[in-house]
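What follows is a single structure, written as structure tokens, with notes after it.
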Amino acid sequence: MSDRSETSEGRRILICAPFGRDADAVSSILTHKGYEAVICRDLKDVAGMMSEQIGAILLTEEALARNADTLKSALQAQPSWSDVPFVLLAAPRAARMPSARLSQLALFDLSSNSVVLERPLGSASLFSAIASAMRLRQKQFQMRDRLRDLDESETRLRLATSAAGIGTWDYNPATGALRWDERCRAMFGLTSDRQISYEGTFLAGLHPQDKERADNAVKAALEPTGRGEFEVEYRTIGIDDGKERWIAAKGGAIFSGASAVRFIGTVIDITERKRTESALAASEAALRVEREALDTLNRTLEQRVAERTAALENEMAARNLAEEALRQSQKMEAVGQLTGGIAHDFNNMLTGIIGGINIAKRRIASGRLEDVDRFMDAAVDSANRAAALIARLLAFSRRQTLDSKPVEIAPQLEATRELLERTLPENIRVEIDVEAGTGAALADVNQLESALLNLAVNARDAMPDGGRLRVAARRCVVEACERSLDLKPGTYVLLAVSDTGIGMPADVVNKVFEPFFTTKPVGQGTGLGLSMIYGFVRQSGGQVRIDSRPGQGTTIELYLPAADGPSDDKGPMVPEAAPEGRGQSVLVVEDDDAVRLLICDVLGELSYLAFEAANAEAAIGILASEKTVDLMVSDVGLPGMNGRQLAEIARQYRPDLPILFVTGYAENAATKASFLGPNMAMIGKPFAVDDLAAKINEMMLANNPGR
């Protein structure tokens, strides 16, 4: 076989669909599938582009109305081995015109290698037909190459026979026509152009002692029950020159049914060329081996492909099993790392909480109250650190409750600048660069500020000798073709945080967003900073990318959805003292006894009247009663019926009832905007008493401004 490149031939699909957007639609589908699709205006364009680059031609039935003869002429001009496959997209039966059947017949008149698909059709049917046509076309190219190789072999044979002085003959037993080449005529001593015949020339030119033997050998070769082979050595007496020559003749018969239709062979003058006999035999043996190898390849090609395909499938199955085992091992390793990391950090925090409370209780019991606040503050500090760790875990798992709303990026970054400058040492310069027209991003402002602070702390650790921290922002559009971003097409705000630090190698960059991965010593970092940022941005509908190289610093890009409207952010709120109520009734629905006790005690101290319910069923009983309920405070994750379902039932009894949800896990409340209904609010656990009191007072005033 030849080594011709097949990178371009047979890869192109011509599409001719002159009406509507069929051509564009089919071209888009095929291009997306990896094919090279070319749209033609009519059959004349199709005929003009006929070449070995064409793998298949896709036509709609309407395209056959014009220039069919032009295409037919182009098809007839194809090489004998070529028969370009056609795929006809026929109109639906109900919509066909009376000439539709004639159009279909016209296509079959153009090509016998065609398939008709009725519209409308699914992508799977189209891909199947195209794939079959392309496979058939590739088989045509394989046949073309084999024919070329065979022609080359025959050319080599002719050259070999010419060089070796071999003559050829071709005899038709049915008509008696006999053809000799010049060398064969010379071996029979013919110097004139006389007519050649079996009786008058072949038998007449044989030596009398060899005539009968040679004639019997010919008859045996032409016998249908025989082997059809002819091989004999005989002498000739030159018909014109009278010379005697020894001839070795070899040939064979070709049969059609029970009759021989052709008898061909070669002759060689072995009188003068005995020494070339062995070389000729070797050449003929090599040619036979080549032909047999080609035949064997033709017969076994599909079998070998099937065997190779089965072997590859087995190999892929084994690889999938190995990859699954590796993934399971990695998951177990991650779980172990997760457990160890949480246990390490929580043990430290619980030590501060339990130790501080125990010492405070001992001091109170002994009447020494002067240091109680110090130990209680230490316990509260440890508890806040534990709450922060839980918040990071929820951020990474994308289960925190986000209060996403439009945030004007320029003023937000300017407000964050002061926080960054206080956090970073003086030898690190902070630069804020917001491109004009950046506008607002849709995000939780507190989480965004926390993410920027985390990135600044990481940058500080990467610049021990000082440097520059640059926070840039701009508006950008993500197209559908940018698949590497794993983002829906649309408009985003891009925040890029860059430092001039030591950078990271590729193996570290690949792990930075993994939970609990940290390059810091044990006890100096949880490894949740970047994973928390990743979880927050992905939950917000964005993406995070990192670019870092050793010695060249690090850039982390945050893609956040752009907000369509202006921001409603009114700036930071000034904290106020916890407002007190005026005896309003509050229904508290919480399954955790300690949390329910805490909320009810807070409400009592703030002059509210609290009703308790440990589950949704108990709460429904109170809601259905005649008791006055001015506000319902409900946990989201109640056993059985959850808090959101309870709220729907509560609104059936009391349509205007304000409802405050408390939650520590956002399985069903990932964003406030999608979870809350009218006159509803949410506060996350753990919460400060003052924050709870302020939120309750805010909802009371909004619902009853005169009270």
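Both backbone and side-chain heavy atoms feed into the values below; hydrogens, waters and symmetry mates do not.
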Charged N-O contact under 4.0 Å between [X] and [Y]:
X	Y	result
D42	R66	no
R644	E648	yes
E52	R11	no
R319	E315	yes
R119	E62	yes

Legend entry - Contacts of type ring-ring contact (aromatic ring centres under 6.0 Å, His included), residue F263, not counting sequence neighbours: W169, F230

Inset, instruction - Evaluate the salt bridge (charged side-chain N to carboxylate O under 4.0 Å, His left out) criterion for residues D547 and R549: first the C-alpha distance (whole Å), next the side-chain angles of each, then the deciding distance (0.1 Å), finally the verdict. - result: CA-CA 7 Å; D547 181 24; R549 294 177 180 83; 3.0 Å; yes

Taking the side chain as C-beta and beyond, is there a heavy-atom pair between [X] and [Y] under 4.5 Å?
X	Y	answer
F86	V116	no
D149	L147	no
Y534	Q543	yes

Legend entry - Closest non-hydrogen atom pair between A23 and I15, with its separation: CA-CG2, 4.0 Å

Inset, instruction - Under the side-chain hydrogen bond (donor to acceptor under 3.5 Å, both in side chains) rule, what do R135 and Q138 come out as? Steps first, then yes or no, please. - result: CA-CA 5 Å; R135 286 196 298 270; Q138 289 303 315; over 6 Å; no

